[in-house]
Structure formats: structure tokens, C-alpha cells
Amino acid sequence: MELPKSFPFAEAENKWYAYWLKKGFFKSIPDHREPYTIVIPPPNVTGVLHMGHMLNNTLQDVLVRRARMQGKNACWVPGTDHASIATEAKVVQMLAEKGIKKSDLSREEFLKYAWEWKEKYGGIILEQLKKLGASCDWDRTRFTMDEPLSKAVIQVFVDLYNKGKIYRGTRMVNWDPKGLTAVSDEEVIYREVQSNLYYVKYPVVSHAEGNPSESIEFITIATTRPETILGDTAVCVHPDDPRFLHLRGKYAVIPFVNRVVPIIFDTYIDMEFGTGALKVTPAHDINDHKLGIKHGLASIDTLSPDGTMSEAAGHYIGEDRFVVRKKIVKDLEAIGLLVKTESIKNKVGHSERTQAVIEPKLSVQWFLKMESMAGPALQSVMEDEVKLLPEKFKNTYRHWMENVQDWCISRQLWWGQRIPAYYLPDGRVVVAETREKAEAECINRYPEANPNLLQQDEDVLDTWFSSWLWPISVFDGFEDKNNADINYYYPTNDLVTAPEILFFWVARMIMAGYEYRGKKPFNNVYLTGIVRDKQGRKMSKSLGNSPDPLELMAKYSADGVRTGMLFCSPAGNDLLFDESLCEQGRNFTNKIWNAYKLVKGWKIKEFSPSACDISAMEWFQHRLNQASETAEDLFDKYRISEALMCLYKLTWDDFCAWYLESVKPDFGKPICLEVYNRTITFFEHILSLLHPFMPFITEEIWHNLAQRSEGSSLVVSTWPLAGNYQPEIIRSFEHAANVISEIRNFRNSAGSSPKITLEIYSEDQTLEEYQDLISKLANCHLFIQSEKPEGCKPVLAGTSEIWIASAGISNPEEEKKKIIAELEYLKGFQHSVEKKLSNSRFVENAKPEVVENERKKLQDASLKMDKLMQQLQTFSQ
RNA sequence: GGGAGCUUAGCUCAGCUGGUUCAGAGCAUCUGCCUUACAAGCAGAGGGUCACUGGUUCGAACCCAGUAGCUCCCACCA
């Protein structure tokens, strides 16, 4: 049977994934084994796979597959997130395309559409993950709005409310006047724009009842939003600003509305900016709002939800804010209060979805107090209860946790878990899990009230308010606190996610973990980087620089893309993605495939192995053990990229380039059975080590390399343990390999064909063991003898010298040049070591072994130099 | 504005407690090869003042201080 030249991955991927599912290898139920658990960071239910998911999920799969092979009960729980904002936006858009406005629908009608949409498009991403080879337990797939999970969310809300940790409060939100909704900070895009800075003077009076016409003095403020003047309730200056000291206790008069407001002093002011005096509009600016609270100022909301001036503004009522901006400037100028106009650059927030300029607006929201929850979560990370990888994120984490602000958990949306708060017409509130319970509670607490009049809060909860429960809720740890799953799988082992959501998600899961289980949710958090393009730009749809993962996998194979992504993505580092990485991954699969093709093509016969075979097998066994140990260590330190690179080199360089070349029989000759069997064993070992990275090709080859019993698979085979190895054996082989390289090098520089068999002599006894191997790989006859034969070129390999019978193939000029360069280098080297050794302070202070080493270096160097000098002399003869 | 981090070969990154021929790896580049597993390959080679300036030390890529540049997070400049 002729094998194809490269790995036929498309078929193999489908075949093996179906096989794994059919055999249920990814399923997990609690048993006597040690559990290994990962919960997936749930992607948006309507999302599609992008490069970030690829990196993240490949890493998880590597960890899970290795754990499974190590004999642990591996459980990778998949699922999706309802993503209120994103999904609702998509549904609204879909409806708009059908000519339906959200505002024309009832909540129930809208949700019906949303669920239909979710059923239709939801979960595509999970199907895509299967293409990648993700070994999730698909029977455990969860969605954050599945009934038990939603129930858990409501239960937690009620519980925290009853504990006094949830409260209602006023907060400034980002209001989108076009979308008529509040949007989260993440949905506000700050853009640098050219704006006008208007300098406006306000009359100053000395009494609260002062009359502006009596004023002889003015204070000039600078503003980019003059339309908000109508909502001003103070003017603020810096307490240390000498220009305004005399204004202490005085008042300013707001133009048009003639409101007399205090002049207040606060260090918040930047004296350098504008005039050093700030107009304070607590209802329409976040910092002014803070100042307002601090100084007890009134808050006048001069804007209607649609961005026009409200009744409270008193003037320009019903006109759009930007129209008013122009008008008010003109009117100020007319009454002589506009001092000047400057052009400046500033950043203005725009709504990501509607592009409208965001207006800060006060509104009533639900909050979760963070203080008491942050403490244990901070301590846990600082004491490495929960380990962050890489560790540098501990700093950022601490900084955030120490300055944590209360979490605004309400969202003005319909898609999500509706807040279980019920209001009486007079505004009194009861919080309960269901309407029935709320009514009962109402009767209990407010016997005089009519429970039929209770109205549920219109808002839903922030999506993070359900995802923070994920590691518990996927195991139904709220509904049934002591079920077998939660007791077995929780705390989970590793979490793999992006540092961007360290606070939004990771920190909050830790809080919820301690609050509801009294235990951390996971042991380790592996933080990946962001996948960027070659120029370091974030991948985004609008830039069009984000490749389609499915196309990449179709082109380079899933294994190729997986390894390509992992070749250079250490934890916490951004990955500058380039398709050439996938190419490298694909080439690697090709290399493995061809090694398999070679081995598979051998004819086997029973006879004794050659000396060359024996030395190769011995060396490779030790080298394999060494590499296994290194890889194991790297895995344990979560240096996944490095573990892969270690195995890459083991496979390509050691196994293919050296070992297989050493034992490869001459053309048409058979291989001896013992060597063949040994080779298969080595190959299997390598396939096992590579399996977590490249599940498909390894499975394919593993099945074809030997007879396998029915239902067996590399997926559930045993992870190979690193045996002992002797470094001396590896070193002595490396010496032989070095000799081979030198001979090849000699050939290259002499322009001699590799087909010519050379005669080589050496007095180095240690080469005797590898005599056959060197002869084979360097196409030569190696003789070990103490005398140097006539007419040979000496070549230095390490500290030992070989002599090459080079009749007619030498290139004396080249050789001479090389020797001289080498001598120069050694001279410098020798000099520096001598200097070090003649320094008495070095000899006295340095550790004895260090000094000893320096002496050894010096010895080796002089030995080499002697030999090189001798060689040089042969040229002058 | 506050905080954190980074700067080592053309690119992406290792380099652990300062000391082994310590200046490394992979990719890319160059040279020579269609050698019967693989040209998606083979055999070789070149390439770096470890950002800069001082300091500590017998000894610094590594420790300390300063300078420059870059990145990220938080806050949002009236």
C-alpha cells in the first residue's frame, strides 16, 4: 500500500473526532480517580470562532488531554454565555431588518424572538470547537440562561440582598440618546476630536441673594459643552490658586437662568487648564457629580432622554443639545459674557452601536457592595491560593482589588435574568425569587399594601452576574449544594482566559467561590495574551485582519493550526499571529507523517543489529528520557510553548535527523526485527507526548503503527513517564555527532560531493563506540589509530582531532583562514580567563568549583591551540 | 492623570539563585544539494555593544539608580 506524501488530515480529523465521541472518551463522571477539571470561559452564544478562541481553547485542550492520559478523570465543561448586550443588539438589528421596532414589542414578544434567534444561531461556536479537536464533555454543555443557572442567579441576588450586600443607588451612566438606553463603559468609544473651548464669564456676587446687575467682578470658566451651563450649580477653583483666594465665600451667577451658585474650592481642579475655574454640572458630568456629592450641591437634569433640553433647563426646551450649543454661544456673545473661543483636541465618548455622542446621565441602578467580598479574593491571590500565571498579573490584580468600586449589576435590557425586585406603586420594594414569594413577603412586611399591585423591576442583571457563578453553577452547586458532581469537581484545576477579563470575570468568580462554597473556584489561572496581527494590531472585523479559523484549519489542518498558535505564545504574552506559523505547524505534521511513511515502508527480517544500530538505540533511549523529563517539567510550570518546542526538536532533530538516519537500512535492504520494534516503541512514546498538541495525526499514526485492540485510542492511553538517563551517554553521542558535522562541513567547504566515501582517522578512543555510526552518517570509513597518516588534513572537533584523507579535495586557503580565525578567538578567550585567574580577589572570593572550572577552560583552550598551531604548520610545509 | 510591565539576532521569544565556551532557541536569511520518508525536504553558514548612562561586585543580560522608547490596565482632561 502506497502512503500519500502528506498527511490526509481532512478525512482523519472527521474520522477520529467521530470515533472519540462514539467511544465517549471525553465523558466524565465522578469516580475513584483524581479529578482534573476545567470550565470553559463561555463564549457568546451567538458568537463565531475567532483566533482568540483558537488560542485559548487549544491551550485548554492540551492541558485536558495530558491530564486524561495521566490517568486523571478529566472533565472539560463547555458552554455559552447569553451576553445580554451583544445578543440583544443582534436581535434588535435582526428585527429592524424585518421592519420591527423593539419599542413596538412587549417584553414577552421580544424575548420570544430572542430565544428563537438563540435556538437558531446559538452554539455554532461549540460546533466549531469540535473542528479544533476540543475534548469537551459535550453532555455537560451549559448555557448561562439554562433554567438551573438562571435560578442560581436569582437565588444569589436574593441572598446577597438579604445579606445587605445589594442596594439601589444613583449613579451616572453612559446614556445613548439615540438608542435611548444606558450603555456600559466597554461600549463607549472615546475618539479624539477637534472641539471648541468656550471661555464664559459669570458675574460674581457676595451674597446668596445677590443681584448680578450689581456685580463689578466676573469669574471666567472654560467649557466645551456650554449647553450644560443651564444645569450649573457651582463654580469650582483650586484652594491654592492665588488668583481666586479672594472669592472664598462668594457666589457666581449662572447666565440666562440667573441662578446664584456658590464658588467652591477643591483640589480636584487642574490650575493649568483653561482659566483654572470650572463650572460644576452634577447632573451631566461624572466628576462634577462627585464634586456635587462632596460639596452637597443640587443636581439639575437639563436633558431629556432623547438629548433635547428638558423643562428643567428653563430655556431652549425641546431643542437638540448640539443646536442649543451653537445658539447659546451666540446668545452669550450677545450679552457680552463670551470672552473667547479656543480650538482644542479632546476625547469624546461615542456609542459603539449608534455612534451617538454619549451623555453622562444620572439614573437609579442596583449595586453589589464589593468591599467585604474583595478581601478574601485579594488575599487568596496574594497568598497563591489561586495562582496567576504569569505572576506579574498579581500586581494588577492587587491594585484593582484594593481600589474596587461597587459593582453596578443592573442593565436596561430585556435579554437576561430579570431583576427579582418588585415595587409597590409608592416605590417600596420587596425582593424575592418569584412573584409568589414576593407577594407573600409583601403581605408579611406591608400588611396594608395590596400585593396585586407589585410591579417587577424592568431591568435585567449584568451578564457577569451569571458568569461569576459559572464554576459552581455548571455543576448545579446552588440548587443542590451537596451533589456528587460539585463535591467531586470543585474546586476546578485550571482556568484559561484573557487578562482583559481578570477583573470582570476571574476576580468575581473567586469572590463567588468563597462566598458560596467557602473555597476557591480554581487552583491556577493561565492568562493568555491577545492575538494580534503581524503589525501588532488587535484583530478586528472592521480591520479585516482576522483570519477565519475554519479556513485556516481547512488549509493547514487542525493540528497544524494548533501547533502554529502555540509555537510562540508564552503565558501572558500577546501572540503576533501570522499565517506562516500555521505553515510551520503544517510542515511539522508533514515531517511526522513522513517519518511514519519511512518506518512503515521497511521490510523486517530477523538478524542481529549492527554496532551502529546498537549505539543509536542506546543513545536515543537516553535522549528520549531526557526530553520527556524536560517536557514534563515545562508542562508542570505551564510553559506550554516551550514544552511544545522541546518535543518539536526531539521529533525533528533527534528522532528524524539523527536516530532514523542512523538505523535506516540501505536502499532495498531489510531492517532487523529488534531495531524495528525498538523504533516503533520510540515512535509511540513520541506520539504520546505530542498527542495533547496534535491529537489527530498522532491518533492516526498510532493506530497504523501496530495492531491495536478494539476500542483503543491514544486519547485514553497512558502518558509515558520519563525514565532515567545518563548524561554521559548523551554527551558522548553529541561528540560523535559533532565529528560528523565537522566532516560534512569539511566536505561543504571543500566542495566535495557527499557521494564520495572519505577515509578518516582519529586517535580518539571515545569514538570507537560510534565508529560505524559516523562512517554511515558521514559517508566515510573511520579508523581509530594513534598515528596520523601521511597527506591527511587535520580537523578539530571539540578537543579531539580527526584526520581526513583528502587527496584532491582540500581547499587550503579556506582551511587556513578558518584555523587562524579560531586561533584568534581562543587567544582572546585564553587571555580573559588568565586575567580572571591572576586576579587574587577572584580566586579568594569565588566558589572553588567556579575557579576550578576556569582552570579547566584554560587547559582546554591551550590544548586546542596547540593542535591548531600544529595544523597551521602543515600548511607552511 | 494613577498603576503595572517591557526593551536580548531581521521576527517571535528563552535565559531560574550574578560564575559551565553564556550570549541561546525557533522562524526568516545566505551557500550547496531534486541523496530511493519528507524541496512542506537535506547538509552547512552568517547574524547581537543584551535600549542608554552611571553605580554595586573579583565578576553584571541578570542587582541598584537615572534617562529614552514601547505596551497594557484603571480614571476620562473641564
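Keep in mind that this is a model prediction, so the values were computed, not measured. In the text below, chain A, chain B and the rest are named by the order of the sequence lines, each starting its count at 1.
Ring pair A:Phe693/A:Phe635: centre-to-centre distance below 6.0 Å.
Contact annotation for A:Lys279: no contact, since no heavy-atom pair falls under 4.0 Å across all strands. A:Asn403 comes within 4.0 angstrom of nothing in the nucleic acid, heavy atoms only. Residue A:Trp602 is out of contact with every strand shown, counting any heavy-atom pair closer than 4.0 Å. Among the protein residues, A:Gly585 comes within range of no part of the nucleic acid, since none of its heavy atoms lies under 4.0 Å from any strand. At a threshold of 4.0 angstrom between heavy atoms, the contacts of A:Ser741 are confined to the sugar-phosphate backbone, with no base atom among them.
Between A:Gln405 and A:Arg532, the residue anchored nearer the 5' end of RNA chain B, judged by the nucleotide with its closest heavy atom, is A:Arg532. Ranked by how close their nearest RNA chain B nucleotide is to the 5' end, A:Asn748 and A:Thr223 are led by A:Asn748.
In this structure, A:Phe567 does not count as stacked on the base of B:U12 under the 5.5 Å centre distance and 30° plane angle limits.
At a threshold of 4.0 Å, the pair A:Glu579-A:Lys555 counts as salt-bridged, since one of the basic side-chain nitrogens sits closer than that to a carboxylate oxygen. Classification of A:Glu834 and A:Arg855 as a salt-bridged pair fails, no side-chain N sitting under 4.0 Å from a carboxylate O. In summary, A:Lys664 and A:Glu661 engage in a salt bridge, as defined by a charged side-chain N under 4.0 Å from a carboxylate O.
Contact annotation: side chain of A:Gln584 to base of B:A28, donor-acceptor pair absent below 3.5 Å. Between the side chain of A:Lys5 and the base of B:C38, no donor-acceptor pair of N or O atoms lies under 3.5 Å.
Atom C1' of B:U57 sits at a distance of 16 Å from the matching atom of B:U17, rounded to the whole Å. Distance check on atom P: B:A51 versus B:A60 gives 15 Å, rounded to whole Å.
In this structure, A:Lys347 atom NZ and B:C76 atom C1' are separated by 7 Å, rounded to whole Å.
Contact between the side-chain N/O atoms of A:Arg639 and the OP1/OP2 oxygens of B:G15 is found at a separation under 4.0 Å.
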